Amino acid sequence: MRFSNAEFAAVFQEVADLLEIDGANSFRVRAYRNAAETISDLGRSLSDMIDAGEDPATLPGIGKDLAKRIEQLAATGTYPDLDRLRSEINPSLRDLLQIPGLGPKKVRKLRDDLGIESLDDLQAAVAAGKLARLEGFGVKSQEKIAAELETGRTKKSRRKWADAEEIAISFESVVRAVEGVERVDVAGSYRRHRETIGDLDILAAAETSAAAIDAFIDHDRVAQVTNEGETRAAVVLRDGMVVDLRVVPPESYGAALLYFTGSKEHNILLRQRAIEREWKLNEYGLYDKNDVVIAGREEADIYTALDLPYIAPELRENWGEVLAADANALPNLITLSDIRGDIHAHTTWSDGKASIEEMARRAIELGYEYIAVTDHSPRLAMTFGLDPDKLRRQAEELREVQSRLPEITILHGNEVDILRNGDLDQPDDVLAELDIVIVSVHSFFDLPREVQTARVIAALENPYVRVLGHPQGRILTQREGISLDLEAVFEAARDNNVALEINADPHRLDLDDRSVKFARDIGCKFVINTDAHRPSGYDLMRHGIYQARRGWLEASDVLNTLPIEDFRAALRPRVGR
DNA sequence: GCCGTTTTCGGCCCGACTGTTTTCAGTCG
């Protein structure tokens with residue numbers, strides 16, 4: 001059997017969980033977790049690496065031992081150490097670890113003293129009041145666990161970034177309005193623009209914290225205050241979202257912002273760098289060995305003191321950014337203002353909600369030099385896709401609109417379905433008449449990996465194809481992407497001069513960040529598109545920019561940062577017209 | 001279990017808060 005990176009990572013996470021409950025050395029546990037992180041952040045298939053004869057031990061955090069385990073797992077599909085662990089420690093104890101407030105020590109205590117092996121056991125013990133009498137627990141702990149079991153909240157639950165934004169802005173403005181609060185930011189994975197968010201971390205600078213904390217816990221969306229201290233508070237909202245507030249003095253704001261922005265792994269690297277200099281870094285500042293403050297008011301000051309250029313939040317994932325910074329080789333990240341056009345959009349000709357002209361007028365308002373109209377092809381019947389005849393009539397309308405709107409170039413394209421066998425849903429002579437051809441998978445999502453990969457690559461080899469639309473076909477938190485050998489697809493895209501789309505729709509964000517970085521590393525080019533179905537859809541471009549930045553992209557990696565003439569040249573087919 | 005132009009042994013990030021304790025372990029980020 002063939003393991004995905006997620007499956008490899010899941011194995012190591014399970015080993016880590018079980019070892020932790022077993023009371024193993026915590027650094028050993030962390031080694032397994034680090035390995036799991038490395039694998040899930042890899043961007044390319046670990047199975048492919050092994051097939052190619054590459055040694056997993058070359059990866060950071062994976063040594064000889066784990067490399068051997070990985071190879072054994074890949075070759076045999078078995079992991080004897082895990083099987084033995086499972087026989088010693090009931091794997092359903094892992095479910096208990098997901099309950100907020102329960103860690104490995106307490107889970108072990110529950111098992112040893114009360115014989116609890118599962119969520120059901122825990123439920124029964126809580127109902128019988130057994131936890132209240134257990135050493136180290138008590139009435140309050142029992143009540144808290146009962147409440148968590150009731151709501152079913154887990155440590156893992158995440159929501160899309162865009163779904164957290166409105167809450168983030170609302171809390172930010174409430175805290176900002178408090179007298180004495182000098183600065184406010186939403187830190188955490190929100191600031192790093194991860195595609196999904198676990199909780200929100202609000203950071204404020206103020207000489208005294210009480211007023212900010214009061215305003216925070218009084219926010220009208222708060223259902224429950226779970227934590228309230230001198231410098232921090234935590235609340236659960238009515239919809240289950242957890243929001244934290246930290247208040248620090250202004251002279252510590254930069255250190256705190258760095259700390260609460262994370263990632264944890266990035267912070268650990270910075271702290272190690274501080275330790276190398278016999279300094280100490282915490283959320284209050286960077287201190288020398290006599291506890292004299294070196295930096296703390298601004299994030300950038302801390303990077304400077306550590307001999308590093310400023311590292312943008314989107315890069316702080318321990319994907320090599322500290323090494324790159326040290327070598328002065330950080331990418332000059334793309335920004336929204338680099339974008340000159342949006343080249344994937346739908347109109348009322350297929351499933352869009354606005355006319356070509358309405359779309360173009362919005363694009364003009366946004367300052368774009370060009371757009372492309374790319375309605376669906378006929379196979380996608382539910383979207384009223386365009387057959388060749390309709391496409392030609394659309395071209396007429398497009399020319400007519402273009403004549404009235406000289407301030408923008410309107411390119412004519414089509415989002416052509418990739419059929420099951422890899423053929424395209426328009427004949428070549430029709431494709432030849434278009435300015436831009438995007439190909440996308442909209443059907444047969446569950447083909448086997450080899451078949452799916454061959455299907456997509458076949459489409460990329462058509463000489464008129466210029467963009468691979470939403471390459472993974474995923475819907476965030478809802479639909480897994482199609483099963484693809486992404487490395488092979490990226491190589492085919494690069495070799496056929498096809499740009500990979502970063503679909504900016506916040507429910508797609510397709511490609512994912514790791515894959516963007518990997519594709520960039522092997523020399524692929526990109527376009528960032530909103531896939532707009534109405535004029536306001538164009539406004540979502542920023543989400544694609546965040547994703548591109550997380551993938552280390554510069555403007556020069558992205559074709560729709562080019563002026564129109566250069567962009568046209570980049571799209572020219574490899575065959576004459 | 002990983003890692004190392006000081007090291008193959010001995011380190012491995014650091015502080016706030018809670019609930020349980022009478023001075024601190026466990027959890028969390």
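None of these values were measured; they are calculated from a predicted model. Chain A is the first sequence line, chain B the second, and so forth, proteins listed ahead of strands; every chain is numbered from 1. Keep in mind that the numbers below use all heavy atoms, side chains included, and drop hydrogens, waters and symmetry copies.
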(request) Take atom C1' in dT21(B) and the same atom in dG26(B), then report the distance between them in whole Å. (result) 12 Å
(message) Rounded to whole Å, how long is the line connecting atom NZ of Lys64(A) with atom P of dG4(B)?
(response) 13 Å
(message) Can you identify which nucleotide, out of dC12(B), dC14(B), dG26(B), has its nearest atom closest to the Lys105(A) side chain?
(response) dG26(B)
(message) From CD of Glu135(A) over to P of dC24(B), roughly how many Å is that when rounded to an integer?
(response) 16 Å
(message) Please give the distance between the C1' atoms of dG11(B) and dT6(B) as a whole number of Å.
(response) 14 Å
(request) Tell me whether the OP1 or OP2 atom of dC13(B) has a side-chain N or O from Asn267(A) closer than 4.0 Å. (result) no
(request) Check whether any side-chain N or O of Tyr259(A) sits under 4.0 Å from OP1 or OP2 of dC13(B), and answer yes or no. (result) no
(message) Is the phosphate of dG29(B) approached by Lys264(A) (side-chain N or O, under 4.0 Å from OP1 or OP2)?
(response) no
(message) Using OP1 and OP2 only, check whether a side-chain N or O of Arg246(A) sits under 4.0 Å from dC17(B).
(response) no
(message) Between dT5(B) and dG1(B), how far apart are the two P atoms, rounded to whole Å?
(response) 23 Å
(request) Between Pro60(A) and Val139(A), name the one whose nearest nucleotide on DNA chain B is closer to the 5' end. (result) Pro60(A)
(message) I want to check something: taking the side chain as every heavy atom from C-beta on, are His193(A) and Arg549(A) in contact at a cut-off of under 4.5 Å?
(response) no
(request) Find out whether Leu97(A) and Leu102(A) are in side-chain contact, i.e. whether some heavy atom of one side chain is under 4.5 Å from a heavy atom of the other. (result) no
(message) Do Arg158(A) and Thr196(A) pair up side chain to side chain, a donor and an acceptor below 3.5 Å, judged on atom types alone?
(response) yes
(request) Give one of base, sugar-phosphate or nothing for Arg69(A), where a contact means two heavy atoms less than 4.0 Å apart. (result) sugar-phosphate
(request) Tell me what Val248(A) touches on the nucleic acid: a base, only sugar-phosphate, or nothing, going by heavy atoms under 4.0 Å. (result) nothing
(request) Please report, rounded to the nearest Å, how far the P atom of dC28(B) is from the CG atom of Leu102(A). (result) 8 Å
(request) Look at Asn227(A) and dT18(B) and indicate whether a side-chain polar atom (N or O) is within less than 4.0 Å of OP1 or OP2. (result) yes
(message) So Ile275(A), base contact, sugar-phosphate only, or nothing? Heavy-atom distance under 4.0 Å.
(response) sugar-phosphate
(message) As an exercise, state the distance from CD of Glu88(A) to CG of Leu19(A), rounded to the nearest 0.5 Å.
(response) 9.5 Å
(request) Pick the C1' atom in dT22(B) and in dC28(B), then give their distance to the nearest Å. (result) 24 Å
(request) Compare side-chain N and O positions of Lys280(A) against OP1 and OP2 of dG15(B) and report whether any pair is under 4.0 Å apart. (result) yes
(message) Whether Ser141(A) contacts dT18(B) is assessed here as follows: a side-chain N or O lying under 4.0 Å from the phosphate OP1 or OP2. Is that the case?
(response) no
(request) Figure out the CG/P separation between Leu258(A) and dG29(B), and round it to whole Å. (result) 19 Å
(message) Considering every strand and a 4.0 Å limit on heavy-atom distances, what is the contact class for Phe260(A): base, sugar-phosphate, or nothing?
(response) nothing
(request) Could you check which of dC13(B), dG1(B), dA16(B) has an atom nearest any side-chain atom of Glu283(A)? (result) dA16(B)
(message) In whole Å, measure the gap between the C1' atoms of dC12(B) and dT7(B) for me.
(response) 14 Å
(request) Would you indicate which nucleotide in dG1(B), dA16(B), dG29(B) comes nearest to any side-chain atom of Asp199(A)? (result) dG29(B)
(request) Output the single nucleotide from dG1(B), dA16(B), dG26(B) whose closest atom is nearest the side chain of Thr231(A). (result) dA16(B)
(message) Taking the minimum atom-to-atom distance to the side chain of Asp244(A), which one of dC17(B), dA16(B), dG29(B) wins?
(response) dG29(B)
(request) Write down the distance separating the P atoms in dC13(B) and dC3(B), rounded off to the nearest Å. (result) 14 Å
(message) Between Arg33(A) and dG1(B), is there a contact of a side-chain N or O with OP1 or OP2 at under 4.0 Å?
(response) no
(request) Among the candidates dC12(B), dC2(B), dG26(B), find the nucleotide nearest to the side-chain atoms of Leu66(A). (result) dC2(B)
(message) The side chain of Pro104(A) is closest to which nucleotide in this list: dC17(B), dT27(B), dG1(B)?
(response) dT27(B)
(request) Write down the atom of Ile213(A), the atom of Glu228(A), and the distance for their closest heavy-atom approach. (result) CG2-CG, 4.2 Å
(request) For the residue pair Trp161(A) and Tyr190(A), categorise the inter-ring angle as parallel (less than 30°), tilted (30 to 60°) or perpendicular (more than 60°). (result) parallel
(request) Give the rounded distance in Å between these two atoms: CD of Glu276(A) and C1' of dT7(B). (result) 14 Å
(message) Is there a side-chain hydrogen bond (donor to acceptor under 3.5 Å, both in side chains) between Asn90(A) and Ser92(A)? Walk through the geometry before answering.
(response) CA-CA 5 Å; Asn90(A) 191 333; Ser92(A) 46; 2.7 Å; yes
(message) How many whole angstroms separate atom NZ of Lys106(A) from atom P of dT27(B)?
(response) 6 Å
(request) Take the angle between the ring planes of His543(A) and Tyr546(A) and call it parallel below 30°, perpendicular above 60°, tilted in between. (result) perpendicular
(request) Could you tell me which nucleotide pairs with dT8(B) by Watson-Crick or G-U wobble geometry, both distances under 3.5 Å, or answer none if nothing does? (result) none
(message) Here's a test of your reading of the structure: between Gln272(A) and Leu97(A), which maps to the more 5' nucleotide of DNA chain B?
(response) Gln272(A)
(request) To the nearest Å, give me how far apart CD1 (Ile145(A)) and P (dG19(B)) are. (result) 11 Å
(request) May I have the distance from Glu228(A) (atom CD) to dG19(B) (atom C1'), rounded to whole angstrom? (result) 16 Å
(request) Taking only the side-chain nitrogens and oxygens of Arg28(A), find out if one of them lies under 4.0 Å from OP1 or OP2 of dG1(B). (result) yes
